Every structure is written in structure tokens, then in C-alpha cells.
Trainee: 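Have a look at the structure that comes next, please.
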Amino acid sequence: MSNKLQQLKLQAESCIACKLATTRNRVVFGEGNPDARVMFIGEGPGRREDELGRPFVGRSGELLTRIIENGMKLSRESVYIANIVKCRPTVDMAMQKDRAPDQEEVAACSHFLQKQIELIQPEVIVTLGGPSTKFILNSKEGITRLRGQWHSYREIPVMPTFHPSYILRNGGDKSPLKKDVWHDIQLVMKKLDEPGPG
Ligand code: URA
């Protein structure tokens with residue numbers, strides 16, 4: 001990991017800027033190649049991620065890994081995977097269910113993600129689901145309207161697509177939404193094939 005990313009990770013690991021610090025087991029900073037061409041952004045760690053301190057390692061992580069490895073023919077290590085918030089948002093202190101981060105949590109945490117993007121400078125960002133798409137694009141539009149088209153974040157092309165957990169909740173491998181995700185991912189692969197500046 002680059003020195004600056006490593007420093008940022010240490011900073012995140014001792015963060016107590018929001019209430020999620022009181023219920024987390026592990027800070028899930030994000031992982032992958034500091035020189036990644038593609039960066040995937042989800043909303044926040046779930047139960048498994050909170051246990052292991054790694055992003056997208058639960059059921060939706062398995063699907064994301066399949067998309068990266070089987071669909072895009074990239075290794076998971078060659079991309080970068082992060083979330084808007086670094087600690088698990090749960091609905092209750094019993095920590096049974098996951099939820100999307102609230103505004104206060106996003107406001108307290110998102111500077112870490114912004115700095116990660118600045119340090120990694122990916123060629124393409126893929127936002128997974130509504131919350132990360134709305135945050136990155138500063139938009140109130142729903143994911144169904146935004147996905148499948150190019151947008152941008154500080155001049156970096158952004159492709160929003162459905163969150164893997166949404167696919168899993170809507171039929172999994174048989175989900176009709178899979179073809180939409182495949183469409184979006186193909187656009188990303190095409191963009192990565194285009195000759196870069198210079
Ligand atoms: N869902 C997310 O948005 N991020 C994770 O890391 C895991 C599940």
C-alpha cells in the first residue's frame with residue numbers, strides 16, 4: 001500500500017467521529033491495488049466485513065468478486081474496493097441487521113473515501129447501488145435512472161450499477177437485473193480498452 005494510503009488507513013482505524021465507532025468490531029478501510037484502474041464503491045460494511053475488516057467478503061462480496069473475475073477477467077487484487085463509510089451501520093444495538101449509512105455518518109466519514117479516490121486516481125469508478133451513487137454524483141436521482149450511463153466525479157468517469165445485494169434479493173443468478181449489470185460492466189471494460197490521454 002502506498003505510504004499515504006497506509007497513513008490514511010491508520011487514521012481511519014482510530015476514528016471516533018460518529019456513533020458507528022461504538023458498535024464496530026473492525027474498521028473496514030478498503031483494499032486493493034493502490035494503482036488500480038478501476039475502483040468499486042459500496043455503501044458500508046456488513047456483518048462479515050465487520051468481523052474480518054475487509055470490504056465485500058460476505059454474500060454480496062462473493063457476487064462482486066465473480067463479476068470482477070469471471071465477468072471482467074480481472075483479479076480482485078488488481079482493482080480497489082471501498083465503501084462510503086468504514087464502519088458497519090446496523091439498525092440496532094443487537095447488531096442483527098445492516099442498513100444504509102445515515103447522513104451524519106456519511107458526513108463524518110466520507111472524507112476518507114474522497115482522499116482514497118484522490119490518492120488512487122482510478123481511470124473509472126463503479127458505484128454499487130443507490131447510496132454510493134447519490135453520494136459520488138451528488139444527486140437525488142434513483143439508481144434505476146442513473147445506472148448504465150457515464151457520469152463523472154472530479155473528471156473521473158463514473159458508471160453506477162445495481163448493488164450486488166440488490167441482485168441477490170431479486171432472484172440472484174436468475175435475476176433479470178443481471179443483464180443490466182452486465183451491460184454496465186461491458187461499458188466499463190470498453191472504457192478501459194480505450195487509449196488513454198497521451
Ligand atoms: N455491502 C457494501 O456496500 N459494502 C460491503 O463492503 C459489503 C456489503
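Numbers here simply count residues along the sequence, with the first being 1. Numbering of ligands and ligand atoms starts at 1, following listing order. Here the structure is a predicted model, which is why all the values come from computation and not from measurement.
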Trainee: Does ligand 1 have an atom that lies less than 4.0 angstrom from a heavy atom of G61?
Mentor: no
Trainee: Does an N or O from E49, backbone or side chain, lie closer than 3.5 Å to an N or O of ligand 1?
Mentor: no
Trainee: Apply salt bridge (charged side-chain N to carboxylate O under 4.0 Å, His left out) to the pair E62 and R59, showing each step before the final yes or no.
Mentor: CA-CA 5 Å; E62 277 170 27; R59 276 193 73 219; 5.9 Å; no
Trainee: Of all the atoms in ligand 1, which lie at a distance below 4.0 Å from a heavy atom belonging to G42?
Mentor: 3 (O)
Trainee: How far is atom 4 (N) of ligand 1 from the closest protein heavy atom, and which atom is that?
Mentor: N83 OD1, 2.8 Å
Trainee: Taking 4.0 angstrom as the limit, do R26 and E49 come out as a salt bridge?
Mentor: no
Trainee: With a 4.0 Å cut-off on heavy atoms, is R48 touching ligand 1?
Mentor: no
Trainee: Is it the case that T127 and T133 place a side-chain donor and acceptor less than 3.5 Å from each other?
Mentor: yes
Trainee: May I ask you to list the atoms of ligand 1 that are less than 4.0 angstrom from any heavy atom of S60?
Mentor: 8 (C)
Trainee: Less than 3.5 Å between some nitrogen or oxygen of F56 and one of ligand 1, yes or no?
Mentor: yes
Trainee: Would you tell me whether Q116 and K86 have side-chain atoms, one donor and one acceptor, within less than 3.5 Å of each other?
Mentor: yes
Trainee: Closest approach of L20 and C87, non-hydrogen atoms and distance?
Mentor: CD1-O, 3.5 Å
Trainee: Quick one: nearest non-hydrogen protein atom to atom 2 (C) of ligand 1, plus distance?
Mentor: G44 O, 3.1 Å
Trainee: Could you check F40 against H163 for ring pair (Phe, Tyr, Trp, His ring centres under 6.0 Å), going step by step and ending with a plain yes or no?
Mentor: CA-CA 10 Å; F40 291 86; H163 194 289; over 10 Å; no
Trainee: Checking contacts here: is it the side chain or the backbone of E43 that comes within 4.0 Å of ligand 1, counting heavy atoms only? Could be both or neither.
Mentor: both
